[in-house]
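Please read the structure below before turning to the comments.
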Amino acid sequence: MLRTAPFKNETLTFSDEGRGRPVVLLHGFLGSHEIWDLARKELSRSYRVISIDLPGHGSTPCFGYAHSMELMAKAVKAVLDYLRLKKYVLVGHSMGGYVALAFADLFPDQVKGLCLFHSTAYADSTEKKADRLRAIDIVKADRALYTRNTIKNLFAAKNLKYLRAEINFANRIARKMSKRGIVAALYGMMDRKGRDLILGLVEYPIMIVIGEHDNIIPATQLIEQSRLLKNPTILYLEHDGHFGFLESPRVCNAALRKFLRKCY
Ligand code: MLT
């Protein structure tokens with residue numbers, strides 16, 4: 001069911017399905033709550049699954065010219081407070097993972113578990129920041145070309161010819177974004193803090209999902225990062241890129257279920 005919650009004189013859109021312990025799904029850059037359709041259907045058979053359109057994505061409007069990860073985390077908190085939920089597991093895909101980490105930093109007592117799906121706790125490198133600025137210029141010149149090329153790059157090259165429907169699905173969601181929403185997310189990601197310290201300190205379970213063919217966040221970086229964790233749950237997807245839950249949904253859903261049992 002699609003619902004809305006108030007935030008800064010505007011509304012945040014989210015879906016709320018199923019009953020039971022809460023699981024919060026946070027989409028990545030150019031996504032929306034819809035990108036989690038398969039996971040949501042599967043997990044909502046046993047959990048209450050809340051999937052939020054982050055600022056500037058899906059049906060949630062923009063809140064300024066740069067959407068920091070902290071602003072996005074506060075938007076997530078506004079939804080969860082509105083639903084009067086106190087503790088939850090956060091599952092964040094890529095940028096959604098940066099938001100989940102900001103959330104864990106700002107509101108540590110609310111988190112029961114954290115799944116970083118193709119996401120990193122490190123800040124952008126100098127090179128990556130320069131790429132973001134170039135990306136902003138491209139978005140301003142040709143938004144459709146930018147979103148098409150970016151989405152294609154999120155799948156493992158060898159999966160492109162098999163996953164036409166999934167690529168079209170992700171493109172359809174990305175096409176709904178405004179130039180301003182895309183640029184605000186790029187600035188927010190570019191300026192985000194490194195939060196790798198959190199990984200070694202927290203007591204709740206953390207799961208890291210790694211795609212061997214991820215073009216955005218190299219598998220080697222995530223393997224290195226997983227060594228910071230006390231008791232990590234690792235899902236290594238040898239056939240996938242940056243979109244494991246679309247590239248191998250069954251494997252990912254089974255691993256998520258197992259992880260949720262560990263958290264609750
Ligand atoms: C995402 O999928 O959310 C982004 O590609 C993450 C990023 O660009 O750092």
Side-chain angles (χ1 to χ4, degrees), residues 24-36 39 51-58 60 66-73 75-76 90-103 114-139 143 146-157 159 163 166-167 169-177 181-196 208-211 213-222 225 237 240-247 252:
V24 183
L25 303 179
L26 302 175
H27 62 77
F29 177 53
L30 303 181
S32 78
H33 75 277
E34 287 175 274
I35 202 81
W36 290 110
S51 181
I52 302 169
D53 282 353
L54 293 168
H57 291 71
T60 293
H67 288 150
S68 68
M69 300 303 106
E70 291 77 10
L71 172 105
M72 297 220 201
V76 171
L90 299 169
V91 179
H93 176 226
S94 200
M95 182 192 79
Y98 312 155
V99 175
L101 281 164
F103 190 103
L114 195 61
C115 172
L116 300 174
F117 227 110
H118 308 306
S119 194
T120 174
Y122 298 152
D124 271 4
S125 62
T126 314
E127 201 185 11
K128 186 90 188 191
K129 285 184 201 280
D131 287 348
R132 303 268 191 218
L133 292 175
R134 273 192 293 276
I136 288 168
D137 286 340
I138 302 172
V139 176
R143 177 183 64 107
Y146 174 77
T147 55
R148 227 179 14 254
N149 288 341
T150 304
I151 293 294
K152 194 171 159 203
N153 200 33
L154 302 186
F155 291 82
N159 289 339
L163 297 177
E166 288 75 5
I167 297 165
F169 171 63
N171 267 317
R172 189 172 54 71
I173 293 173
R175 270 202 302 271
K176 289 189 199 151
M177 284 195 66
I182 300 175
V183 169
L186 285 166
Y187 277 127
M189 290 193 285
M190 182 174 104
D191 288 336
R192 76 183 189 280
K193 270 172 60 173
R195 290 195 156 95
D196 38 312
I208 298 208
V209 183
I210 305 172
H213 307 281
D214 191 333
N215 299 317
I216 312 296
I217 300 173
T220 45
Q221 185 188 117
L222 295 186
Q225 219 164 91
L237 300 165
D240 298 336
H242 191 68
F243 245 143
F245 57 95
L246 292 183
E247 297 176 279
C252 290

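We count ligands from 1, going down the list as the structure has it; atoms in each ligand are counted the same way. Count residues from 1 along the sequence.
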Hits for side chain to side chain donor-acceptor pair (under 3.5 Å) against Glu166, two or more places apart or cross-chain, chain-then-number order -> none

So, Ser32 side chain and Ile173 main chain: donor-acceptor pair closer than 3.5 Å or not? no

Backbone N or O of Met72 within a donor-acceptor pair of the His67 side chain at under 3.5 Å? no

Give a yes or no on whether Tyr122 atom OH has more than 12 heavy-atom contacts from other residues, nucleotides or ligands under 6.0 Å away. yes

All pairs passing salt bridge (Lys or Arg N to Asp or Glu O under 4.0 Å) where residues 181-192 contributes a residue, at least two apart: Asp124-Arg192

Enumerate, one pair per line, all nitrogen or oxygen atoms of ligand 1 lying under 3.5 Å from a protein nitrogen or oxygen, stating the separation to 0.1 Å; write 'none' if no such pair exists.
unit_1: ligand 1; atom_1: 2 (O); unit_2: Ser94; atom_2: OG; d: 3.1
unit_1: ligand 1; atom_1: 2 (O); unit_2: His242; atom_2: NE2; d: 3.0
unit_1: ligand 1; atom_1: 3 (O); unit_2: Phe29; atom_2: N; d: 2.8
unit_1: ligand 1; atom_1: 3 (O); unit_2: Ser94; atom_2: OG; d: 3.1
unit_1: ligand 1; atom_1: 3 (O); unit_2: Met95; atom_2: N; d: 2.9
unit_1: ligand 1; atom_1: 8 (O); unit_2: Arg132; atom_2: NH1; d: 2.8
unit_1: ligand 1; atom_1: 9 (O); unit_2: Tyr98; atom_2: OH; d: 2.5
unit_1: ligand 1; atom_1: 9 (O); unit_2: Arg132; atom_2: NH2; d: 2.8

In chain order, what residues pass the side-chain contact (heavy atoms from CB on, under 4.5 Å) check against Ala73, with sequence neighbours excluded? Val99, Ala102, Phe103, Leu106

